[in-house]
Participant: 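Starting off with a structure, shown below.
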Amino acid sequence: MMAKINSTTAAAFVPSSLLQQQHQRTVVVDVDGGLLRSSPSGLFPYFMLVALEAGGFLRGAVLLLLYPLLCCVGIGGHTALRVMAMVAFCGLRESRLRAGRAVLPKWFMEDVTLEGFEAMRAARRRVCVTRMPMVMVDGFLREYLGAEVVVGKGMKVLCGFYTGLMEEAEEVILNKEARKIMLEGDAVGFSGSLEFLRHPLSHCCKDTYHVGQEDGARRQALPRAKYPKAMVFHDGRIVFRPTAGNTLAMFMWIPFGVALGAVRLVVALVMPYRYSTPILASTGMSWRLKGERPGPSRGHGRGRGQLFVCNHRTLIDPVYVSVGLDRQVRAVSYSLSRLSELISPIGRTVRLTRDRDSDGAAMARLLDRGDQVVVCPEGTTCREPYLLRFSPLFAELSDDVVPVGIAVETAMFYATTAGGFKCMDALYYMVNPRMCYTVQFLERVSTTTTAVMGREVPSRDLANLVQRKMGDALGYECTMLTRKDKYLMLAGNDGVVKANDKCSTPPPPPPGGMKNM
């Protein structure tokens with residue numbers, strides 16, 4: 001059965017007739033050409049992300065060197081696709097590859113077209129067809145866009161390692177759901193390339209709406225407000241979309257960045273804040289202060305220290321709180337590598353154990369002896385404009401806390417990771433061409449337990465109050481997600497790291513799980 005092809009332009013939304021037809025029908029979406037703004041020839045950045053994040057810089061350099069050859073053979077063709085898959089996947093351990101769920105969804109979501117999303121949302125059932133390896137797109141399409149069936153090629157595995165070979169066309173077996181859809185024969189196709197018309201599923205579509213690639217530049221990106229699922233967590237080090245030009249610029253910068261990062265580190269460790277701040281700013285490592293520096297603590301007890309509560313963006317948050325205050329502080333942390341502690345300019349960090357009683361006693365001792373204590377009650381970092389659930393423990397330690405809003409911008413590398421080497425976080429931050437920290441001191445919040453309508457306000461409600469005030473100041477959305485939610489999604493464990501943490505990824509969760517504060 002031949003499909004009827006209707007042409008539409010990318011400048012307009014999906015035709016209302018298509019949406020009306022799809023309400024009780026199935027839509028078959030061409031992911032590479034119809035759903036994503038990038039044309040089929042623009043899949044190179046996704047393979048580069050797999051190469052860099054899962055394989056390392058050397059693998060990424062090899063793929064970049066092959067880019068001119070890929071252009072010669074046609075970067076959107078089958079040969080180029082197989083070469084990119086070979087370089088990106090060959091030798092990777094299957095059980096440890098989490099780029100498809102932890103790294104790529106952010107970049108796919110930013111590339112989704114509004115037209116393609118509207119077509120999928122209006123459908124009763126959603127089927128996606130892609131030429132990319134299934135391991136790259138399956139998790140994103142199912143978890144974020146609600147695809148019931150994803151049809152694509154798999155990567156061959158030998159002894160638990162990817163061989164780099166994609167399955168041949170005749171080896172692509174449509175599952176039972178896809179076969180059922182083919183038999184129903186009431187599907188509507190949505191495509192951006194003529195390549196889709198050669199796929200077996202396109203033959204079961206009564207109508208196929210084709211979006212011309214010449215109008216690709218005018219296709220609208222899906223606004224963040226319309227994301228079907230909030231993009232709160234994602235992993236990986238790369239901040240920018242790694243096109244060939246951007247990746248080349250990164251490799252050219254790295255030698256200079258390493259040298260500049262070493263100079264920045266020496267300046268930060270040796271010089272006082274009043275001298276190091278302008279010097280570092282001249283190298284692109286700047287910071288901004290919002291609000292006034294808080295005065296002495298108004299808490300009970302003479303000489304008791306001040307408690308600063310901040311959201312968690314990177315492990316050097318306490319350093320910039322110290323810079324903003326222009327005095328030394330003591331940071332408390334659940335996990336910190338020895339390398340990160342060694343290069344910290346604010347002295348020894350107090351390690352927490354995730355045992356509520358012992359952690360509370362440790363922080364109380366610091367406050368009693370007059371230390372300025374910085375705590376991040378989220379318990380883990382979050383890159384996006386969201387605040388994770390605040391642990392209520394801080395509200396039980398001091399009756400006068402100062403919330404501190406933290407925002408950070410980097411140009412090339414993220415200074416956090418869930419599945420990589422945590423000891424490299426500070427070094428990745430230092431080698432960025434430019435970065436900026438924003439520190440905002442908010443009004444003090446009294447956490448004294450009071451009676452409201454005959455009942456006491458629990459510490460959990462006080463922690464939520466501080467979270468809301470911080471979210472309002474930063475423009476971030478408050479959530480009830482936790483560290484455990486983040487690590488289960490990105491790393492497959494609950495994020496527990498031993499006190500003598502070394503330069504390694506978080507270990508698998510222990511049988512007893514993690515104690516919540």
Side-chain angles (χ1 to χ4, degrees), residues 30-33 35-92 97 99-100 102-112 130-137 140 152-156 161-167 192-195 213-214 216-217 219 221 235-258 411-414 420 428 431-433:
D30 173 20
V31 174
D32 308 339
L35 181 64
L36 302 179
R37 284 191 301 164
S38 300
S39 63
S41 61
L43 301 181
F44 176 83
Y46 300 117
F47 287 95
M48 179 59 75
L49 282 167
V50 175
L52 289 172
E53 303 292 4
F57 288 107
L58 180 59
R59 188 184 295 263
V62 172
L63 182 56
L64 180 63
L65 291 174
L66 291 174
Y67 183 76
L69 178 62
L70 297 175
C71 292
C72 292
V73 301
I75 197 168
H78 291 286
T79 301
L81 194 70
R82 292 182 180 277
V83 172
M84 290 189 291
M86 170 65 75
V87 176
F89 284 92
C90 183
L92 297 179
L97 182 67
V103 178
L104 293 176
K106 170 186 182 295
W107 302 102
F108 282 135
M109 187 63 80
E110 292 179 355
D111 207 21
V112 169
T130 179
R131 294 191 300 134
M132 288 184 282
M134 288 275 289
V135 68
M136 293 176 61
V137 298
F140 164 72
K153 298 179 181 180
M155 297 296 300
K156 295 183 177 181
F161 292 86
Y162 288 107
T163 64
L165 300 175
M166 296 179 68
E167 294 175 346
S193 66
L194 296 178
E195 185 74 22
Q213 287 299 324
E214 64 275 7
R219 302 178 73 182
D235 204 8
R237 294 289 190 182
I238 306 301
V239 171
F240 57 92
R241 181 174 292 272
T243 61
N246 290 342
T247 306
L248 177 61
M250 179 193 71
F251 279 110
M252 294 177 63
W253 167 258
I254 285 177
F256 300 99
V258 171
M412 190 170 287
F413 300 112
Y414 286 112
Y428 270 103
V431 301
N432 274 287

Participant: Going through the distances and angles, do Arg131 and Lys153 end up as a side chain to side chain contact (heavy atoms under 4.5 Å, CB included)?
Facilitator: CA-CA 7 Å; Arg131 294 191 300 134; Lys153 298 179 181 180; over 6 Å; no
Participant: Return yes if a side-chain donor-acceptor contact under 3.5 Å exists between Tyr46 and Asp111, otherwise no.
Facilitator: yes
Participant: Around atom CZ of Phe256, are there more than 12 heavy atoms from other residues, nucleotides or ligands closer than 6.0 Å?
Facilitator: no
Participant: Work out which heavy atom in Phe161 is nearest to a heavy atom in Gly91; give both atom names and the distance.
Facilitator: CD2-O, 3.3 Å
Participant: So, does Arg82 use its side chain to make a donor-acceptor pair with the main chain of Gly77 at under 3.5 Å?
Facilitator: no
Participant: Distance check, rounded to the nearest 0.5 Å: Met412 atom CE versus Met250 atom CE?
Facilitator: 7.5 Å
Participant: Strictly distance-based, threshold 3.5 Å: is any side-chain N or O of Glu167 a donor or acceptor partner for the main-chain N or O of Met155?
Facilitator: no
Participant: Can you tell me how far apart CG (Leu70) and CZ (Phe44) are? Round to the nearest 0.5 Å.
Facilitator: 7.0 Å
Participant: Do any N or O atoms from the side chain of Trp253 and from the backbone of Leu248 form a donor-acceptor pair under 3.5 angstrom?
Facilitator: no
Participant: How close do Phe47 and Ala88 get, heavy atom to heavy atom, and via which atoms?
Facilitator: O-CB, 3.7 Å
Participant: Minimum heavy-atom separation for Tyr162 to Val135, with atom names?
Facilitator: OH-CG2, 3.6 Å
Participant: Looking at Val103, is its backbone amide N or carbonyl O close enough to the side chain of Asp235 to form a donor-acceptor pair, meaning the two atoms are under 3.5 Å apart?
Facilitator: no
Participant: May I ask you to check whether Tyr428 and Tyr414 place their ring centres under 6.0 Å from each other?
Facilitator: no
Participant: Could you check whether any side-chain N or O of Thr130 sits under 3.5 Å from a backbone N or O of Val31, counting only pairs where one atom can act as donor and the other as acceptor?
Facilitator: no
Participant: Got a second to check how far Leu66's CG is from Cys72's SG, nearest 0.5 Å?
Facilitator: 11.5 Å
Participant: Is there a side chain to side chain contact (heavy atoms under 4.5 Å, CB included) between Phe140 and Val112? Walk through the geometry before answering.
Facilitator: CA-CA 11 Å; Phe140 164 72; Val112 169; 3.9 Å; yes
Participant: When rounded to the nearest 0.5 angstrom, what distance separates CZ in Arg237 from CG in Leu49?
Facilitator: 14.5 Å
Participant: So Phe57 and Leu52, side chain to side chain contact (heavy atoms under 4.5 Å, CB included) or not? Walk me through it.
Facilitator: CA-CA 5 Å; Phe57 288 107; Leu52 289 172; 4.1 Å; yes
Participant: How close do Ala80 and Val73 get, heavy atom to heavy atom, and via which atoms?
Facilitator: CB-CG2, 4.2 Å
Participant: Atom CE of Met84 and atom OH of Tyr67: how far apart are they, to the nearest 0.5 Å?
Facilitator: 9.5 Å
Participant: Heavy atoms only: give me the nearest Ala221-Glu110 pair and the separation to one decimal.
Facilitator: CB-O, 4.3 Å
Participant: Do other residues, nucleotides or ligands put more than 12 heavy atoms under 6.0 Å from Leu65 CG?
Facilitator: yes
Participant: Nearest 0.5 Å, please: how far is CH2 in Trp107 from CE in Met48?
Facilitator: 13.0 Å
Participant: Taking the side chain as every heavy atom from C-beta outward, state whether Asp32 and Leu43 have any pair of such atoms under 4.5 Å apart.
Facilitator: yes
Participant: Is there a side chain to side chain contact (heavy atoms under 4.5 Å, CB included) between Leu104 and Val137 once you walk through the steps?
Facilitator: CA-CA 8 Å; Leu104 293 176; Val137 298; over 6 Å; no
Participant: Work out which heavy atom in Thr163 is nearest to a heavy atom in Cys90; give both atom names and the distance.
Facilitator: O-SG, 3.5 Å
Participant: Any sub-3.5 Å donor-acceptor pair from Asn246's side-chain atoms to Arg241's backbone N or O?
Facilitator: yes
